[in-house]
Amino acid sequence: MADHDFPVIDLSPFFTTPGAGDDLGAAKRRQEVIRRIRGACTSAGIFLIVNHIMERTFGYFQKTAALIETLLNDALGLPPDLLHQYNSNRQSDRMIAYRYFKANHVETKKIMMIGSYPHKDPNLFTLLLQDDVGGLEFLRNDQWIPVTLLPHSLVVNVGDVLQVLSNNEFKSVTHRVVSPNEKDRYSCAFGCQIGRDKWVEPLPELTSLIKAAPKFKGFRHGEFLQLLVASYKPTLDPNDTFTLMDVVANHYALPTSKDLPDTTHQIEI
Ligand SMILES: O=C(O)CCC(=O)C(=O)O
Ligand SMILES: [Fe+2]
């Protein structure tokens with residue numbers, strides 16, 4: 001994927017006032033947004049949104065996440081509001097502010113990663129606000145690709161839970177942050193989470209109801225999180241290899257999931 005075709009999705013059709021003229025045009029533009037979100041989620045699992053209403057508060061992230069959840073719902077062709085009903089308890093959502101120190105703050109520059117090791121987000125999706133320093137990268141076809149930097153944009157990452165609910169239609173994206181050289185980097189992540197006791201399995205609307213085989217067996221989210229923690233072996237030793245275990249693919253994929261990616265990436269840091 002070349003830098004210029006990183007999916008950048010303009011949400012302005014969702015902020016026009018109904019009745020303010022050209023409603024038909026706005027409806028078409030909304031459909032086009034949903035089509036492009038589907039394209040981004042079925043391939044890279046990551047995209048940028050622009051022209052949303054921008055603030056840095058928890059409430060703002062919650063509102064934006066609710067809109068994104070609706071768009072993901074529609075992009076999967078689900079009955080209206082189904083993802084919202086599945087995930088109506090918002091108590092697990094969380095917002096984290098990060099500071100990544102520039103590389104020459106650490107003892108050796110051989111340690112490339114000091115902030116975020118390669119990982120997939122264990123949630124429905126994450127919204128990410130980053131500054132202009134850069135360093136966020138995602139994995140596609142075994143290549144690390146920098147996420148395009150655009151002022152006033154938010155990154156949307158598909159997470160593991162959405163990959164399973166969608167029966168592998170949407171891909172959870174592997175990403176990392178490479179520590180900056182010149183300046184410290186600041187970012188803010190909002191995770192659209194589910195509770196630990198929530199049951200996760202491919203949605204019947206995308207399996208039994210359309211006579212498609214489920215590609216994952218069901219699991220309790222808390223059990224999945226435990227396996228995930230046990231499988232993470234990050235290290236600050238530059239000679240070590242960090243092994244990223246894809247818990248979803250390794251523990252829950254059913255033999256029908258022929259199109260699942262490789263289960264383990266060996267990543268040199
Ligand atoms: O700081 C970033 O850009 C990435 C943070 C991240 O990957 C996460 O919170 O899951
Ligand atoms: Fe992440």
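Atoms within each ligand, like the ligands themselves, are counted from 1 in listed order.
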Between Phe138 and Phe47, does the ring centroid distance fall short of 6.0 Å?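 Distance test on ring centres: not under 6.0 Å, no.
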Ring centroid separation for Tyr100 and Tyr186, is it under 6.0 angstrom?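 Here the rings of Tyr186 and Tyr100 have centres that are no less than 6.0 Å from each other.
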Check: [X] side chain, [Y] main-chain N or O, donor-acceptor pair, under 3.5 Å:
X: Ser153; Y: Leu149; answer: no
X: Asn87; Y: Leu83; answer: no
X: His152; Y: Leu150; answer: no

Using a 4.0 Å cutoff against the non-hydrogen atoms of [X], which atoms of ligand 1 qualify?
X: Ala189; value: 9 (O)
X: Leu128; value: 1 (O), 2 (C), 3 (O), 4 (C)
X: Asp121; value: 10 (O)
X: Ser187; value: 1 (O), 2 (C), 3 (O)

Under a 4.0 Å threshold between the charged nitrogen and the carboxylate oxygen, would Asp184 count as salt-bridged to Arg99?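 Judged by the 4.0 Å cut-off on N to carboxylate O distance, Arg99 and Asp184 do form a salt bridge.
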Check this for me: does any side-chain nitrogen of one of Glu32 and Arg29 sit under 4.0 Å from a carboxylate oxygen of the other?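 So Glu32 does not pair with Arg29 through a salt bridge.
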Does ligand 1 come near enough to Thr126 that some N or O of the ligand is less than 3.5 Å from an N or O of the residue?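 No, since none of the N or O atoms of Thr126 sits under 3.5 Å from an N or O of ligand 1.
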Is there a polar contact, in the sense of an N or O pair closer than 3.5 Å, between Tyr100 and ligand 1?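 N/O-N/O distance under 3.5 Å: yes.
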Does a donor on one side chain sit under 3.5 Å from an acceptor on the other, for Tyr252 and Glu223?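 Yes, Glu223 and Tyr252 have a side-chain donor paired with an acceptor closer than 3.5 Å.
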Just to be sure I'm reading this right: ignoring hydrogens, which of Arg94, Arg185, His175 gets closest to atom 7 (O) of ligand 1? Compare them by their nearest heavy atoms.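 Shortest heavy-atom distance from atom 7 (O) of ligand 1: His175.
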Atoms of the protein (N/O/S only) found under 2.8 Å from the Fe ion (ligand 2):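 Listed by chain and number, the nearby protein N, O or S atoms are His119 NE2, Asp121 OD1, His175 NE2.
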Dump the intermediate steps for side-chain hydrogen bond (donor to acceptor under 3.5 Å, both in side chains) on Gln193 and Asp93, then the final yes or no. CA-CA 5 Å; Gln193 315 281 116; Asp93 288 350; over 6 Å; no
May I ask you to identify the nearest protein heavy atom to atom 9 (O) of ligand 1, giving residue, atom name and distance to one decimal place in Å?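 Result for atom 9 (O) of ligand 1: Tyr98 OH, 2.5 Å.
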His221 versus Gly195, closest heavy-atom pair with distance: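 Closest pair (atom of His221, atom of Gly195, distance): CB-O, 3.5 Å.
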